[in-house]
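The structure appears below as structure tokens.
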Protein chains: 2
Amino acid sequence: MPTSTRFAVAVHILTALAVSDGKPLRSEDIAYSANTGAVVIRGLLSRLSDAGLTRSQLGAGGGSLLAKPARKIRLLDVYAAVEDTELFSLHRTPPCESCAVGGNILEAIQPVLDRARKALEAELAKATVADVAAEVARLGKFSIPLVW
Amino acid sequence: MPTSTRFAVAVHILTALAVSDGKPLRSEDIAYSANTGAVVIRGLLSRLSDAGLTRSQLGAGGGSLLAKPARKIRLLDVYAAVEDTELFSLHRTPPCESCAVGGNILEAIQPVLDRARKALEAELAKATVADVAAEVARLGKFSIPLVW
DNA sequence: TAGTGTGTAATAGTGATGGTTACACACAAA
DNA sequence: TTTGTGTGTAACCATCACTATTACACACTA
């Protein structure tokens, strides 16, 4: 049960903003880096902004900025901001209520699925955008802030 | 991404087989319990059989059986048998190679995503089909084997 | 005031998914 | 051996989420 590409691109966006370190980035520039369209980026920025992770400056010289320090933004926050669907999908049509298994299977597996989901979320809570930005800087052999 | 319901239905199938405890179940009967089509069930049984989790008896009185004890079948085995896609999707089109962030973001986030995936898998490895079957029996107030 | 960039609606193409029909084949029961 | 049952798989279809793209109103800066 896959996530959309939104999570990966959203992390990309936030990492770019972290690397930019206070200088507003245009959606078009982020789109170039992520190899997608500027509207896609703005759609994600809209979600990230709703979640309180980014903010925008309108007008010439404007763009997007982190709304709080990169080290305060956990990947879990990003995940929650852009992923809509449940990690585990259940039956498309609910199983037979009156069946021995069908009538109880959902309730029976829910605790296990919850534990699995929470384990995943706990890992995503351990890493921050600052961590990712630092790793990108290390791999790319540059320092933050990066002058574009 | 439309997330698949295969995992939930596959667990349903195996739980039914565990509850049946050696008596072959027809795909049609499982389909009734899961509220889907028999061909959908047979498609999943085909994957589960390939993974060594079930086997089938052809002919009259035939159906499907567990290929090994329910307590030896971990939900992780089921997950691996029926889920095709990666848990985390990355960019649809690879990001800009020559960009500071785009050129390094994939490598930078991969370790985090791997840890998250492994944490999820570790939880799914802790639960078995026997556990789910026992929980279903408890909730449904019946004992295994259940005579249909 | 002119120009820049955001925010969002609308639309379209794509791909995975699940539902369904059809049918060949293996096996059991008689 | 024959008959009937149930599996295994291919083919086709409708649906839906997702991403890309166009279009345009609006806010803000220089």
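Proteins get letters first, then strands, A, B, ... in listed order; numbering begins at 1 in each.
Per the geometry, CZ belonging to A:F7 stands 15 Å off P belonging to D:dC18, to the nearest Å. A:K23 places its NZ atom 13 Å from the C1' atom of C:dG5, with the value rounded to the nearest Å. We find that CG of A:L48 is positioned 15 Å from C1' of C:dT6, with the value rounded to whole Å. Rounded to whole Å, atom P of C:dG19 lies 10 Å from atom NE2 of A:H91. Rounded to whole Å, the distance from CZ on B:F88 to P on D:dC18 is 15 Å. Counting to the nearest Å, the C1' atom of D:dT19 and the CG atom of A:D84 are 13 Å from each other. For A:I41 and C:dG5, the CD1 to P distance is 16 Å, given to the nearest whole Å. Between the CG atom of B:L87 and the P atom of C:dA16 there is a distance of 17 Å, rounded to whole Å.
Ring geometry for A:F88 against B:F7 counts as tilted: the plane angle lies between 30° and 60°, on a 0 to 90° scale.
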Starting at the 5' end of nucleotides 22-30 of chain D, put B wherever the base has a protein heavy atom under 4.0 Å, S where only the sugar-phosphate does, and a dash everywhere else. BB---SBS-

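Contacts of B:G43 with the nucleic acid, taken as non-hydrogen atoms under 4.0 Å apart, are absent.
Note on B:T5: every side-chain N or O is 4.0 Å or more away from OP1 and OP2 of C:dT17. OP1 or OP2 of C:dA16 has not a single side-chain nitrogen or oxygen of B:T85 nearer than 4.0 Å. Between B:R26 and D:dT7 there is no side-chain N or O to OP1 or OP2 distance below 4.0 Å. OP1 and OP2 of D:dG6 both lie 4.0 Å or more from every side-chain N or O belonging to B:S56. Between A:S27 and C:dT6 there is a side-chain N or O to OP1 or OP2 distance below 4.0 Å. Between D:dT19 and A:T36, no contact under 4.0 Å exists linking OP1 or OP2 to a side-chain N or O.
In terms of position along DNA chain C, the nucleotide closest to A:L45 lies nearer the 5' end than the nucleotide closest to the other residue of the pair A:L45 and B:R47. Looking at which nucleotide of DNA chain C each of A:S49 and B:R92 is closest to, the 5′-most match is held by A:S49.
The pair B:D50-B:R47 does not meet the salt-bridge criterion, since no charged nitrogen lies less than 4.0 angstrom from a carboxylate oxygen. Under 4.0 Å is where a charged nitrogen must lie from a carboxylate oxygen, and between A:E121 and A:K118 no such pair does.
Linking ILVMFWY side-chain heavy atoms closer than 4.5 Å, directly or via other members, places A:Y32 and A:I13 in two distinct hydrophobic clusters.
Remark: side-chain polar atoms of B:N35 are paired, donor with acceptor, to backbone N or O of A:P94 under 3.5 angstrom.
Looking at B:H12 and B:S33, their side chains do bring a donor and an acceptor atom within 3.5 Å of each other.
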Show me, pair by pair, the donor-acceptor contacts under 3.5 angstrom made by side chains of residues 59-77 of chain B, not counting sequence neighbours?
residue: B:R74; atom: NE; partner: B:D77; partner atom: OD1; Å: 3.3
residue: B:R74; atom: NE; partner: B:D77; partner atom: OD2; Å: 3.3
residue: B:R74; atom: NH2; partner: B:D77; partner atom: OD1; Å: 2.9
residue: B:D77; atom: OD2; partner: B:R74; partner atom: N; Å: 3.0

